[in-house]
Amino acid sequence: MPSQPTFLQKVELVVSQIPAGKVMTYGQIAQCIGEGTARLVGMALSSLPTGSSIPWHRVVNVKGGISPRANPQSSLEQIQRLLGEGLQFNRNQELDLNSYRFKP
DNA sequence: AGATTGACTGCAT
DNA sequence: CATGCAGCCAATC
């Protein structure tokens with residue numbers, strides 16, 4: 001009998017619901033879960049193991065861009081994956097949330 | 001067990 | 001418009 005789901009697992013559940021070509025902000029995910037805050041979402045994703053089946057690359061900050069992180073190589077990978085899904089970055093290296101934000 | 005950290009966000013200056 | 005600070009709370013040491 002499994003124990004109660006951790007916050008991390010709740011985040012994984014919501015993130016896995018994001019369709020390709022769309023993105024969600026940290027705060028939006030926290031609100032969708034109904035518990036925690038944007039920071040907790042970011043921390044949860046930081047603890048995800050490499051090769052996770054979770055589309056964590058579809059999670060961006062409220063600006064539609066990639067937040068600065070401990071491992072810059074990972075942010076680059078996130079951009080590459082989003083480009084591969086057909087999203088387009090503007091000259092500020094940010095996405096247009098008015099078009100790409102996933103609205104449940 | 002308690003202290004520190006951090007992939008955020010909004011408001012103030 | 002840029003920069004600073006406070007609040008949020010699980011995960012980690």
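This structure is a prediction, so every number in the text was calculated from the model and none was measured. In what follows, every chain begins at residue 1, and chains take the letters A, B, ... in the order their sequences are listed.
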Contact class for A:S46 vs. all strands (heavy atom < 4.0 Å): base, sugar-phosphate, or nothing?
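Contact class for A:S46: base.
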
Residues A:H57 and A:E85: side-chain donor-acceptor under 3.5 angstrom:
yes

Atom [atom1] of [X] to atom [atom2] of [N]: distance rounded to whole Å?
X     : N      : atom1 : atom2 : value
A:K63 : B:dA7  : NZ    : C1'   : 13 Å
A:R58 : B:dA7  : CZ    : P     : 22 Å
A:L45 : B:dG6  : CG    : P     : 16 Å
A:Q31 : B:dG10 : CD    : P     : 10 Å

More than 12 heavy atoms of other residues, nucleotides or ligands under 6.0 Å from CD of A:E77: yes or no?
yes

In this structure, are over 12 heavy atoms from other groups packed under 6.0 Å from A:E35 atom CD?
no

Do you know the tightest heavy-atom contact between A:L95 and A:Y100?
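Heavy-atom minimum between the residues: CB-CD1, 4.0 Å.
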
Mind listing the closest non-hydrogen atom pair of A:I18 and A:R58 along with its distance?
O-NH1, 2.8 Å

Results of side chain to side chain contact (heavy atoms under 4.5 Å, CB included) for A:S46 - residues two or more places apart only:
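Testing A:S46 for side chain to side chain contact (heavy atoms under 4.5 Å, CB included), a comparison that skips the adjacent residues, returns A:M43.
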
Report all interatomic pairs (protein N or O, nucleotide N or O of nucleotides 8-13 of chain C) with separations under 3.5 Å.
residue : atom : partner : partner atom : Å
C:dC8   : N3   : A:R39   : NH1          : 3.3

